[in-house]
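Report on the following structure.
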Amino acid sequence: MNSIKAITQLEELRRDRLSFIQNSDSDEIYLNDIKAISLAVMALKKCPDIKDRTFNCLEKYSKRIWSSM
């Protein structure tokens, strides 16, 4: 995944988290998610050459999940 795709995905996650805001005490969880996502987007925009070299590690975890079912 390149940084443009990652930023796009993170912005979609941020919109998703915003949809959970209900102006209640439980909003803090979602607001913290939004802050973290926003920080990640800013970091990727400042360093767009970051490459995802760890994606293949997900295969190991997904195999473990599916084999336990």
Side-chain angles (χ1 to χ4, degrees):
M1 174 180 287
N2 64 32
S3 60
I4 294 170
K5 288 181 182 178
I7 289 168
T8 300
Q9 183 65 34
L10 288 167
E11 288 172 341
E12 288 178 19
L13 283 171
R14 182 172 38 205
R15 281 191 295 276
D16 177 65
R17 295 287 95 183
L18 281 167
S19 72
F20 287 96
I21 302 294
Q22 298 178 357
N23 295 320
S24 67
D25 291 338
S26 64
D27 287 347
E28 187 174 347
I29 295 167
Y30 307 118
L31 292 171
N32 287 334
D33 289 346
I34 293 165
K35 288 176 189 176
I37 292 166
S38 297
L39 181 62
V41 168
M42 288 183 349
L44 282 171
K45 286 181 176 179
K46 285 185 179 182
C47 301
D49 295 332
I50 294 172
K51 302 279 188 240
D52 179 8
R53 303 192 193 291
T54 60
F55 187 70
N56 61 357
C57 73
L58 294 176
E59 290 178 23
K60 177 177 71 174
Y61 296 113
S62 65
K63 287 178 185 175
R64 187 180 333 156
I65 292 168
W66 289 110
S67 63
S68 66
M69 295 182 131

Expected list for residues 39-50: side-chain donor-acceptor pairs under 3.5 angstrom, two or more places apart:
none

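- In this structure Glu28 satisfies the side chain to side chain contact (heavy atoms under 4.5 Å, CB included) test together with Asn32, sequence neighbours excluded.
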Could you tabulate the donor-acceptor pairs under 3.5 Å formed by side-chain atoms of residues 10-18, not counting sequence neighbours?
from: Arg14; atom 1: NH1; to: Ser38; atom 2: OG; distance (Å): 2.9
from: Arg17; atom 1: NH1; to: Asp33; atom 2: OD2; distance (Å): 3.3

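- Across all non-hydrogen atoms, the minimal contact from Asp27 to Phe20 is OD1-O, 3.9 Å.
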